[in-house]
Structures are given as structure tokens and as C-alpha cells.
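Every heavy atom of this structure was used, including side-chain atoms; hydrogens, water molecules and symmetry mates were not. Counting starts at 1 for both ligands and their atoms, following the listed order.
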Amino acid sequence: MDERQLFDNISKLLERVRRSSQKSQFGNSDILVLAVSKTRSAEEIRAAHRCGLSDFGENYLQEAQDKIAALSDLPLCWHFIGPIQSNKTRAIAEQFDWVHSVDREKIARRLNDQRPEQCEPLNICLQVNVSGEQSKAGVSIDELVALSNAIGQLPRLRLRGLMCIPAPTDNEAQQRATFGRMREALHSLQLENPGMDTLSMGMSADLDAAIAEGATIVRVGTAIFGPRSR
Ligand SMILES: *Cc1c(COP(=O)(O)O)cnc(C)c1O
């Protein structure tokens with residue numbers, strides 16, 4: 001995609017985010033657009049940075065590491081948003097600023113132990129299996145209190161909030177209901193964990209509903225970079 005098209009996509013997206021947040025009763029005025037750059041080249045990320053974006057999300061460690069190295073001259077903020085295998089935690093703890101996909105205490109402990117001392121604490125979101133799909137990653141709403149209390153104790157992590165990838169649907173009422181459950185879940189956790197301030201929810205197809213229900217980070221790939229082949 002040429003840079004003019006990219007700039008155009010990003011301008012339209014930022015306008016869409018702004019409009020949705022103005023309409024929302026739970027709307028936040030400073031929603032972070034996290035550009036999901038899986039399958040995209042370092043050069044495409046560089047171009048998106050020239051268009052004003054600075055936060056990028058990656059799902060696959062190996063692919064991400066090459067890009068992080070190639071772009072180390074830029075002040076980018078890197079978010080890990082994919083499934084985490086235990087043998088990958090060290091590299092994630094060393095190279096990322098955020099991890100959105102923590103759903104087990106064991107993984108959190110490894111990230112905590114492996115976070116380098118000279119770095120700020122690693123920002124963590126707990127991935128919630130909000131649609132209750134059996135095959136899906138994520139902690140159930142029922143298990144959230146125990147997991148967040150355990151992870152909240154870990155000094156090298158900063159527990160920031162919740163993330164979800166709901167079952168896709170075109171039905172906006174259904175999208176809203178799902179994202180609304182996330183908002184309520186965060187709200188009840190905030191009593192014991194006042195530092196939790198983040199709802200990472202909404203992608204290209206459903207970010208308006210997510211913002212309507214209080215998203216603070218939207219994770220957007222297609223609407224920025226165009227369709228992917230995988
Ligand atoms: C790919 C991906 C996205 C972005 O999806 P789009 O539909 O391209 O906006 C967001 N979050 C996660 C976890 C993803 O894997």
C-alpha cells in the first residue's frame with residue numbers, strides 16, 4: 001500500500017474513533033489506537049509511524065523480533081497480543097512494553113521473573129474468554145478475581161486491565177452486550193486493584209461497539225494496513 005493510502009486510512013480511523021467516543025456515555029477522550037502489524041513489514045510500520053502512530057501490536061514472537069530490531073531507531077511502543085508459550089516469556093519480557101494476552105499465573109510469574117531490572121514494570125492485560133467459547137484462550141470471568149489478585153502482587157509487572165477477542169458477530173447489540181460485560185468486570189476489579197485502567201477491546205470490525213462500552217485501547221489491523229492473507 002502506498003503511503004498516501006495509509007495516511008488516508010489512519011485519518012479516517014482516527015476520525016471514526018473520535019466520533020464513537022463522543023457518542024458514548026462511557027467514552028474515553030484518549031483512546032489509544034494500537035496498530036496491529038502482524039504480517040506487515042518493518043517498512044510498513046515505519047510508514048505508519050510517519051503517519052503519527054507509535055504503538056504496534058504483534059502476535060508472533062519470531063516475526064516481531066525481526067521488526068523490533070529493524071526499527072530500534074524509532075521510539076515505538078511494542079505490545080504482545082498473541083498466544084504465549086512458556087519458552088517465549090523471556091524474549092517477551094525483554095523486548096515488549098505491554099502484554100495483552102496473559103491468562104495464566106504461571107506465565108505471569110515467568111514474565112515477572114524475567115523482566116530486566118533496568119526496564120519499567122511490564123504492563124499486563126488479562127485476556128478474558130468473554131464469549132465462553134470452549135476452544136478459546138482466556139480466563140473466564142469467574143476466575144478473574146483470583147488471577148488478578150495473584151498477578152497484582154508481582155513487583156515487575158503492572159496489572160493494567162483486561163483484553164478480549166469476542167466471537168465475531170455483525171449484530172451490534174450482541175457486540176455491545178459482550179463489551180459491556182468486560183466493562184463491568186473491570187469495574188468490579190478496580191475496587192481491589194485501583195491501578196487497573198485499561199480495556200483493550202475492539203478490532204476493525206467492532207471497534208465502535210467497543211468504544212461505546214468504554215474501550216481504552218482498540219487493536220486495529222485491517223482498517224489501517226488493508227486486508228491480510230493470514
Ligand atoms: C489480528 C488481531 C487484531 C486486529 O484485527 P483486525 O480485524 O485486522 O483489525 C486485533 N487483536 C488481535 C489479538 C489480533 O490477533
Need the ligand 1 atom indices (1-based, order shown) with element for anything under 4.0 Å from a heavy-atom of [X].
| X | result |
| --- | --- |
| Ile165 | 13 (C) |
| Val220 | 9 (O) |
| Asn59 | 14 (C), 15 (O) |
| Gly221 | 4 (C), 6 (P), 8 (O), 9 (O) |

Name the closest protein heavy atom to [atom], giving the residue it belongs to and the distance to 0.1 Å.
| atom | answer |
| --- | --- |
| atom 2 (C) of ligand 1 | Lys38 NZ, 2.6 Å |
| atom 9 (O) of ligand 1 | Ser204 OG, 2.5 Å |
| atom 8 (O) of ligand 1 | Thr222 OG1, 2.5 Å |
| atom 10 (C) of ligand 1 | Met203 SD, 3.1 Å |
| atom 11 (N) of ligand 1 | Arg219 NE, 2.9 Å |

Contact with ligand 1 for Arg228, non-hydrogen, under 4.0 angstrom: yes

Same apolar cluster: Leu53 and Ile81, side chain cutoff 4.5 Å: no

In one Ile/Leu/Val/Met/Phe/Trp/Tyr side-chain cluster, 4.5 Å: Met163, Ile151: no

Minimum side-chain heavy-atom gap Leu34-Ser200 below 4.5 Å: no

Nearest non-hydrogen partners of Phe56 and His49, listed with the distance: CZ-N, 4.1 Å

Proximity to ligand 1 by part of Val36, non-hydrogen separation under 4.0 Å: side chain

Plane angle bin for Phe96 and Trp78 - parallel if under 30°, tilted between 30 and 60°, otherwise perpendicular: perpendicular

